[in-house]
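Reading through the structure tokens given below for one structure.
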Amino acid sequence: MSISKQKVIANYLPNTTEPGTKADAFAPSNIALCKYWGKRDVELNLPINASLSISLGELGSHTTLSESDRGQDQVYLNNELLSLDSPFARKVIGFIDLFRRDLKQPVQVRTVNNIPTAAGLASSASGFAALTLAIDKFYRFDLALDHLSAFARMGSGSASRSLYQGFVEWHKGSREDGMDSCAERLALEWPGFRIGLLKVATGEKKVDSRSGMQRTVESAALYSAWPQQAANDLVAIKRAIQQQDLECLGQTAEQNALSMHATMIASWPPLLYWQPESVAAMHRVWELRASGVPVYLTMDAGPNLKLLFQHADEMQVRDAFPELVDADIVAPFG
Ligand SMILES: Nc1ncnc2c1ncn2[C@@H]1O[C@H](COP(=O)(O)OP(=O)(O)OP(=O)(O)O)[C@@H](O)[C@H]1O
Ligand SMILES: C[C@@](O)(CCOP(=O)(O)OP(=O)(O)O)CC(=O)O
């Protein structure tokens, strides 16, 4: 049995700190190029494989934590006050409870996601990373970023990577308390690198990543091939980033994403996040590539696509995908 989150966190918090009155934080969302899929420890969100992502610059979550003057906790999402019984508020307050010593001191949380909501991007990554940073500031813990990354991971695995901008690796770690399962920014820049957020289908997904990955680990025979593939892909992706080799990066990232989806499809009950529109968009990417434009795709546990390309080819990508507006094209290095 694993150690509880509370126990691990308590071991790393300073003994005496007085909360401030207000703290603001921002964290970017991120897109994994080598995906995290499967947990070796469900309580601590420890991954079966290491992963690597690119953060989305200014797209993410802004979170403010302050004292509540209403005698109870309050949670606002995108300026709307939520019921404390809503799943969103319960998750946020449950996470804060892991850190606050005085449960009687109510807090107000205001969080705004500026990720184009219709794009169906994982906001849990930026959301838990921004909340972790706000908690650290509000309670004046002043902890190192690698510890905060490990804490954010306990909220949502992919949040461990959202503590940093740029290319980020989340190490698997091997410690029992999981504190070395944290992310690190890679000292690699690629100014011409672009991500296109291609929304092809709306509507809420029925199975979230958390239960989807658990189902895959428990029921897909194909999953046994995943950890080794992910390990190999991570090495290839890092090398491709070092060499700014889009062909190698794109091919490895696309194959990594589709292999993850293959394990989902091979689960029981089957898990297929693609909609007919997703498949149609995949074919459009492959046609564009066949016509000579270096563009690749990646997909998370949802129906939408993320396109990987370089600034030099942006015009051709925009011509082929006129639905991409300026806000859908991210330049992670400004
Ligand atoms: N700004 C935020 N602050 C704190 N938590 C957030 C924030 N935004 C999202 N979350 C958390 O992420 C959860 C799911 O977010 P969302 O609906 O964007 O799904 P997702 O991130 O795509 O899900 P998945 O984890 O399946 O990838 C929310 O229920 C909430 O717990
Ligand atoms: C497909 C993914 O986006 C899965 C993300 O899963 P989450 O981080 O949302 O899962 P939990 O740890 O259970 O909260 C791949 C990735 O981001 O690496």
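In this text the structure is predicted, and so the values were computed from the model without any measurement. Numbering of ligands and ligand atoms starts at 1, following listing order.
Listed by chain and number, the residues in a salt bridge (Lys or Arg N to Asp or Glu O under 4.0 Å) with Arg40 amount to none (sequence neighbours excluded). Scored by the side chain to side chain contact (heavy atoms under 4.5 Å, CB included) test, Asp85 finds Ser83, Arg90 as partners (sequence neighbours excluded).
Proximity annotation for atom 15 (O) of ligand 1: of Gly94, Ser126, Ser123, Ser158, Ser123 comes nearest, heavy atoms only.
For ligand 1, the atoms sitting less than 4.0 Å from at least one non-hydrogen atom of Gly127 are 1 (N), 2 (C), 3 (N), 4 (C), 6 (C), 7 (C), numbered in the order shown with element in parentheses. The distance from ligand 1 to the heavy atoms of Lys205 drops below 4.0 Å at these ligand atoms: 22 (O), 23 (O), 24 (P), 26 (O), 27 (O). Distances below 4.0 Å separate heavy atoms of Ser61 from the following atoms of ligand 1: 1 (N). Within ligand 1, counting atoms from 1 as listed, the ones closer than 4.0 Å to a heavy atom of Lys91 are 31 (O). Against a heavy-atom cut-off of under 4.0 Å, Thr111 is close to the following atoms of ligand 1: 1 (N), 2 (C), 3 (N).
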Are any protein N/O atoms closer than 3.5 Å to the N/O atoms of ligand 2? If there are, list each pair with names and the distance to one decimal place.
| unit_1 | atom_1 | unit_2 | atom_2 | d |
| --- | --- | --- | --- | --- |
| ligand 2 | 8 (O) | Ser156 | OG | 3.2 |
| ligand 2 | 8 (O) | Ser158 | N | 2.8 |
| ligand 2 | 8 (O) | Ser158 | OG | 2.7 |
| ligand 2 | 12 (O) | Tyr36 | OH | 2.6 |
| ligand 2 | 12 (O) | Lys39 | NZ | 3.1 |
| ligand 2 | 12 (O) | Gly157 | N | 2.7 |
| ligand 2 | 13 (O) | Lys39 | NZ | 2.6 |
| ligand 2 | 13 (O) | Arg210 | NE | 2.7 |
| ligand 2 | 14 (O) | Ser156 | OG | 2.7 |
| ligand 2 | 14 (O) | Arg210 | NH2 | 2.8 |
| ligand 2 | 17 (O) | Arg161 | NH2 | 2.8 |
| ligand 2 | 18 (O) | Tyr36 | N | 2.9 |
| ligand 2 | 18 (O) | Arg161 | NH1 | 3.0 |
| ligand 2 | 18 (O) | Arg161 | NH2 | 3.1 |

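Between Phe167 and Phe333, the ring center distance clears the sub-6.0 Å criterion.
In this structure, a donor-acceptor pair under 3.5 Å is absent between the side chains of Asn30 and Ser55. Judged purely by distance below 3.5 Å, without hydrogens or angles, the side chains of Gln214 and Glu218 pair a donor atom with an acceptor atom.
Note on ring orientation: taking the six-membered ring where Trp is involved, the planes of Phe99 and Phe141 are tilted (angle from 30° to 60°). Classification of the Tyr273-His261 ring pair by plane angle, with boundaries at 30° and 60°, yields perpendicular.
Exactly one of Lys238, Arg185, Arg161 qualifies for a salt bridge (Lys or Arg N to Asp or Glu O under 4.0 Å) with Glu169. That residue is Lys238.
Under 4.0 Å from ligand 1, heavy atoms of Asp208 appear from its side chain as well as its backbone. Residue Val92 touches ligand 1 through its side chain alone, judged by heavy-atom distances below 4.0 Å. The backbone and the side chain of Ser209 each have at least one atom closer than 4.0 Å to an atom of ligand 1 (non-hydrogen atoms only).
Proximity of Ser209 to Asp300: side-chain heavy atoms (C-beta onward) are nowhere separated by under 4.5 Å.
Under a 4.0 angstrom heavy-atom cut-off, Leu131 registers as lying outside contact with ligand 1. Within the 4.0 Å heavy-atom shell around ligand 1 one finds Asn113.
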Only pairs under 3.5 Å count here: list side-chain donor-acceptor contacts from residues 143-152, not counting sequence neighbours, and write none if there are none.
| unit_1 | atom_1 | unit_2 | atom_2 | d |
| --- | --- | --- | --- | --- |
| Ser149 | OG | Ser160 | O | 3.0 |
| Ser149 | OG | Ala183 | N | 2.8 |

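Remark: Arg284 CZ to Glu277 CD distance equals 11.5 Å, nearest 0.5 Å.
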